[in-house]
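Below you'll find the structure, written out as structure tokens, and then a few comments.
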Amino acid sequence: MAASATAQRLGRRVFRFLSSVRLAVILLMVLIVGIAAGTICESSFDSKVARAYVYEAPWFDAWMILLGVNLFCAAWSRYPWKKHHTGFVITHAGIITLLIGALVGRIWGIEGTMTIYVGHEPDNALVIDTQEVRVKEGDQTTTFPVGLAQQRARDGRSVALGTTASGWKLTATAYADALQPISIAQAVTENGSPAVQVKLWSMGQNIDEWLWPGDPDNSRIDLGLLAVECRLGQAPSASTRQHASADGAASVFHAVALTPTVALKNPAPDLPPGDRAVIYLSDNGKLSYYLQPGKPLATGWGNWQMEVEQVMPLAVPSTEFRPIPKTTRLPPRDRASLTSGLKVDFSRGSDHDEEWLATGWEVELPDADNTPLHAEFGPKIYPLPVSLTLKQFDVERNEGLDTPAGFRSTIEVRDAAGNSATGSCSMNEPMNFPDVWWRRWTGLTYKISQASWNPDNLKQSSVQILLDPGWLFKWSGSLMVCAGIFTMFYLRPPRTAAHP
């Protein structure tokens, strides 16, 4: 009996504490400070940092749950309720309902964007604004949410991400807002092609690129007045091997098994592929000079000089990434290619590799088990149970002007059961699927809205997709709060004057 009485007294104390106004004031003050900190984080860094530290942090969820418990206990402490408690109870119930809706939306809600194209296959890959690292080992994919690791890696701190099924341990070691992709050549012993590394410089400008004579898209550097082209061909005849050097002296070159041709502006005479690091150059279609790696050449265009740094008879193309400081000035074509990225250390036993994982790029890692190992960093990809097909994209123009006045996408949506619907959406007029009234009112429908467009490709459209199962709770709670406040302050019975 004594133990039971003690437990009852302890329970009453805990209940009084949970229902106290003092606790409510403390909870609200901490929430105000937390929201202010989240606003500062968002303005100083970005929304991802604010969500990671505040709005989606475990402490924030726990604080909101504790606030809901405080409201419930405060309302229950007035039980049995009297007539004058009506507004008080409705207001507290509304806030609790609102918090439940926010929690349901956080757990089961979906929000992201999808880019679709006219004439392409249906797509169901939703891009969510949450960064993660994905590692593919054969047919198995392991995902590692980045979260706060991104900001900590930005500050130079190493953060463990996790371990794959085969035992690879991932650690984030650095983060860069701007990574420049650099095309390089990797030497191989077979199944490769010739490659030439060419360097151009003038007045503080430096260009260092690999040229591939067998690839029309990567065999040329075009700077306007100055162009460098690399291509394969046939050897020049013996009569053309002798030419006059700059000082007028005659020089004869016996090396004719030349690798690629590097031509300035105009095509050079054909040369065959080979394994000699000697480059033949042509100016205005005439035989001018041979160029060997490591010997600079004045091109004759302004102060531009050129140097062949190295030649690889057999190589395969590869890409590496270099962090670029924000103060670095780059040409527009290089600035457009910049991307963010996370540097990750991969280790397993004695195997160790550290790679930059650039957003939107996939990196292949060496594995002693001969199992394909691929890693990528970027936004979370969520497979929707419905697929979208862009049928048409229209841009409304302002009358008499070429400026856009609005955008509209005509979309076909299909689910796994074969049900489909075709409709249109704009910025403020979403398309709903399934378009049933009770689903719209409960939030159990996909709301598809126009998000952005590509002025260079009018067959492309980006849409925002939202599923919020907590929508009804949020609206109901908001209406209950308004009704409760109105009841408390505007439906109170008038006070009667006291008689002496």
Side-chain angles (χ1 to χ4, degrees), residues 42-43 45-52 55-56 102 105-106 108-132 134 145-146 150 177 336-340 359-361 376-398 401-415 420-435 439-440 443-471 474-475:
E42 191 166 0
S43 60
F45 303 100
D46 54 29
S47 59
K48 298 184 183 67
V49 176
R51 290 199 302 267
Y55 304 122
E56 295 182 1
R106 277 279 309 278
W108 291 287
I110 300 171
E111 183 177 5
T113 59
M114 181 185 297
T115 301
I116 49 181
Y117 302 83
V118 175
H120 283 211
E121 294 294 323
D123 194 358
N124 73 329
L126 186 69
V127 179
I128 299 178
D129 192 18
T130 301
Q131 302 296 98
E132 67 178 11
R134 292 180 290 274
V146 175
Q150 177 175 324
D177 292 308
S337 66
L338 295 182
T339 183
S340 60
T359 303
W361 292 72
E376 57 183 344
F377 168 73
K380 180 180 179 180
I381 305 298
Y382 179 84
L384 287 174
V386 298
S387 59
L388 277 67
T389 303
L390 181 62
K391 295 296 185 181
Q392 186 176 341
F393 180 73
D394 300 306
V395 180
E396 301 174 4
R397 306 285 180 176
N398 290 310
L401 300 173
D402 193 40
T403 56
F407 321 102
R408 183 171 295 274
S409 297
T410 303
I411 300 171
E412 180 186 22
V413 187
R414 184 180 298 273
D415 61 15
S420 65
T422 300
S424 62
C425 67
S426 60
M427 195 74 70
N428 299 316
E429 298 178 3
M431 172 186 173
N432 294 279
F433 181 85
D435 194 10
R439 283 185 173 271
R440 291 200 303 269
L444 299 177
T445 183
Y446 293 96
K447 293 184 181 295
I448 307 170
S449 304
Q450 186 68 48
S452 62
W453 69 304
N454 183 0
D456 298 325
N457 186 1
L458 296 183
K459 292 187 176 182
Q460 171 186 335
S461 176
S462 294
V463 295
Q464 182 188 44
I465 302 176
L466 172 66
L467 176 68
D468 186 6
W471 183 88
K474 296 174 185 177
W475 278 97

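Every heavy atom of this structure was used, including side-chain atoms; hydrogens, water molecules and symmetry mates were not. The residues of the chain are indexed from 1 along the displayed sequence.
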### Query
For V386 and Y446, what are the C-alpha separation, side-chain angles and deciding distance, and is it a side chain to side chain contact (heavy atoms under 4.5 Å, CB included)?
CA-CA 9 Å; V386 298; Y446 293 96; 4.1 Å; yes

### Query
Going through the checks in order, is the side chain to side chain contact (heavy atoms under 4.5 Å, CB included) test met by I448 and L388?
CA-CA 10 Å; I448 307 170; L388 277 67; 4.1 Å; yes

### Task
Step by step, work out the side-chain hydrogen bond (donor to acceptor under 3.5 Å, both in side chains) result for Q450 and S461.
CA-CA 8 Å; Q450 186 68 48; S461 176; 2.9 Å; yes

#### Entry: Chi angles and distances behind the side chain to side chain contact (heavy atoms under 4.5 Å, CB included) call for L390, I411
CA-CA 5 Å; L390 181 62; I411 300 171; 4.3 Å; yes

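For P145, there are no side-chain contact (heavy atoms from CB on, under 4.5 Å) partners at least two apart in sequence or on another chain.
A donor-acceptor contact under 3.5 angstrom links the side chains of S462 and T115, judged on distance only. Under 3.5 Å, the side chains of S424 and R408 contain a donor-acceptor pair of N or O atoms. Side-chain atoms of T359 and S340 form a donor-acceptor pair, as typed in the model, at a separation below 3.5 Å.
Just one of K474, R106, R440 meets the salt bridge (Lys or Arg N to Asp or Glu O under 4.0 Å) condition when paired with D468; it is K474.
L126 places a side-chain heavy atom less than 4.5 Å from the side chain of I110. The shortest distance between side-chain heavy atoms of T410 and T422 falls below 4.5 Å. Taking 4.5 Å as the limit, every side-chain heavy atom of C425 sits out of range of all side-chain heavy atoms of S449. With a 4.5 Å cut-off on side-chain heavy atoms, D415 and F433 count as touching. Counting heavy atoms from C-beta on, the side chains of V395 and L458 come closer than 4.5 Å. In this structure, the side chains of Q131 and P379 come closer than 4.5 Å at one or more pairs of heavy atoms.
Within the structure, salt bridge (charged side-chain N to carboxylate O under 4.0 Å, His left out) contacts touching residues 111-131 (residues at least two apart or in different chains) are K48-D129, R51-D129.
E132 has no carboxylate O lying under 4.0 Å from a charged side-chain N of K380, or vice versa, which leaves the two without a salt bridge.
Rounded to the nearest 0.5 angstrom, N457 CG and F393 CZ are separated by 9.5 Å. We find the CG-OH distance between N454 and Y117 to be 7.5 Å, quoted to the nearest 0.5 Å. In this structure, CD on Q392 lies 9.5 Å from OG on S409, to the nearest 0.5 angstrom.
Of all heavy-atom pairs between M431 and G423, the closest is CE-N, 3.5 Å. In this structure, T445 and L467 approach most closely via the heavy-atom pair O-CD1, 3.4 Å. Nearest heavy atoms, H120 versus T389: O-CG2, 4.0 Å.
A donor-acceptor pair under 3.5 Å links the side-chain atoms of N124 to the main chain of L384, judged by distance alone.
Within 6.0 Å of atom CG in N398, more than 12 heavy atoms from other residues, nucleotides or ligands are found, so the atom counts as buried in its surroundings. Counting non-hydrogen atoms of neighbouring residues, nucleotides and ligands closer than 6.0 angstrom, the CH2 atom of W475 reaches no more than 12 such neighbours.
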